[in-house]
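Indexing begins at 1, ligand by ligand and atom by atom, following the structure's order.
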Amino acid sequence: MFNKIWKNKEDESSSPLVYTKEDILQHPIPKHVAIIMDGNGRWAKKRALPRAAGHYEGMQVVRKITRFANELGIKILSLYAFSTENWKRPKSEVEYLMKLPEQFLTTFLPELIEENVNVRVIGNTEQLPEHTRRAVEKAIHETKDNTGLILNFALNYGSRAEITYAMQQIAKEIQNGRLSPEQITEELVSSYLMTKDLTDPDLLIRTSGEIRLSNFMLWQLAYTEFWFTDVLWPDFTEQHLLEAIAAFQKRNRRFGGV
Ligand SMILES: Cc1cc(N2CCCCCC2)n2ncc(-c3ccc(F)cc3)c2n1
């Protein structure tokens, strides 16, 4: 029963409702959807494949869900692609992961441009390999004037590092007299974060059954609706996105009010 409250649990006993795009478009669509794309290694392990196969399959789902999110009229799609903690993985896996941005963009950037998608990245890109950083910077530049879906990749991103850096910057401004402590408001703090040009996520989706934030957008998720599912990211489909949005639409959102 508890699981039923916290997350969508796809198993033999549950017979999930089928939602259509038309159903979902009857009600307000979340402006900003954030996704922790988990379960790629487990997907591969279940098939006795190398972990890289799960990451590769997961990348195909990124393209599919990006296209569908744009179709639905979602304005911002934030995807947790690589966390500051992921450097602890085996060297070979990190090297493979650091090639995926380039592979994704080489294959899909023309389609993203065609679909008016605006590619953004949050995270410490200075620490990325040169080839990864170059590919990402090229995509950001080539899509900077696009006005459609903002596709925001969190790459070498960690929320605590982001907040700590913001505090350091604010402290320097106070030290040099450009800011006073009284001027530190929630809005000011938000303006020092990497997401300063984005509205906070309205809906957070996390796949693979884990129920935690893993150092993702800790400040920005203060009023976000969470939707957890046991589905592994490589198995995530448009229908799962529709289910998550339907759940979002059913909840009364009060932002702390009554
Ligand atoms: C490190 C990494 C891993 C990665 N995975 C595929 C999706 C599942 C999660 C882990 C593996 N994907 N998928 C797309 C990107 C990407 C990142 C930046 C960018 F500008 C364009 C594409 C990516 N980056």
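Shown in contact with L105 at under 4.0 Å from a heavy atom are these atoms of ligand 1, numbered in order with element: 20 (F), 21 (C). Annotation for ligand 1: atoms under 4.0 Å from non-hydrogen atoms of V62 are 7 (C). Residue F104 has at least one heavy-atom neighbour below 4.0 Å for each of these atoms of ligand 1: 21 (C), 22 (C). Atoms of ligand 1 found under 4.0 Å from any heavy atom of H55 (numbered from 1 in listed order, with element): 6 (C), 11 (C). Distances below 4.0 Å separate heavy atoms of G58 from the following atoms of ligand 1: 6 (C), 7 (C). Taking every non-hydrogen atom of V136 and a distance limit under 4.0 Å, the qualifying atoms of ligand 1 come out as 20 (F).
Between F228 and F226, the ring-plane angle classifies as perpendicular under the 30° and 60° cut-offs. Relative orientation of the F104 and F153 rings is perpendicular, given thresholds of 30° and 60° on the angle between their planes.
Scanning the protein for heavy atoms near atom 5 (N) of ligand 1, the closest one is L100 CD1, 3.6 Å. Nearest to atom 1 (C) of ligand 1 among the protein's heavy atoms is L97 O, 3.4 Å. With hydrogens left out, the protein atom closest to atom 23 (C) of ligand 1 is A81 CB, 3.8 Å, a heavy atom.
Taking the charged nitrogens against the carboxylate oxygens, E210 and R42 do have a contact shorter than 4.0 Å, which makes a salt bridge. Ion pairing of E137 with R134 is absent here, as no side-chain N (NZ or NE/NH1/NH2) approaches a carboxylate O to less than 4.0 Å. By the 4.0 Å N-to-carboxylate-O rule, E95 lies close enough to K91 to be salt-bridged with it. Contact check on R67 versus E238 returns no salt bridge, with no Lys/Arg side-chain nitrogen under 4.0 Å from an Asp/Glu carboxylate oxygen.
The proximity of L79 to ligand 1, defined as any non-hydrogen pair under 4.0 Å, does not occur for either the backbone or the side chain. With a 4.0 Å cut-off on non-hydrogen atoms, N40 touches ligand 1 through its side chain and not its backbone.
The side chain to side chain contact (heavy atoms under 4.5 Å, CB included) test with W227 singles out one residue from I205, I35, L204, and that residue is I205.
Considering only non-hydrogen atoms, atom 22 (C) of ligand 1 lies nearest to F153 out of F153, Y96, Y80, F82.
Contact of the N118 side chain with the L149 side chain is not registered, since no non-hydrogen atoms from C-beta on lie closer than 4.5 Å.
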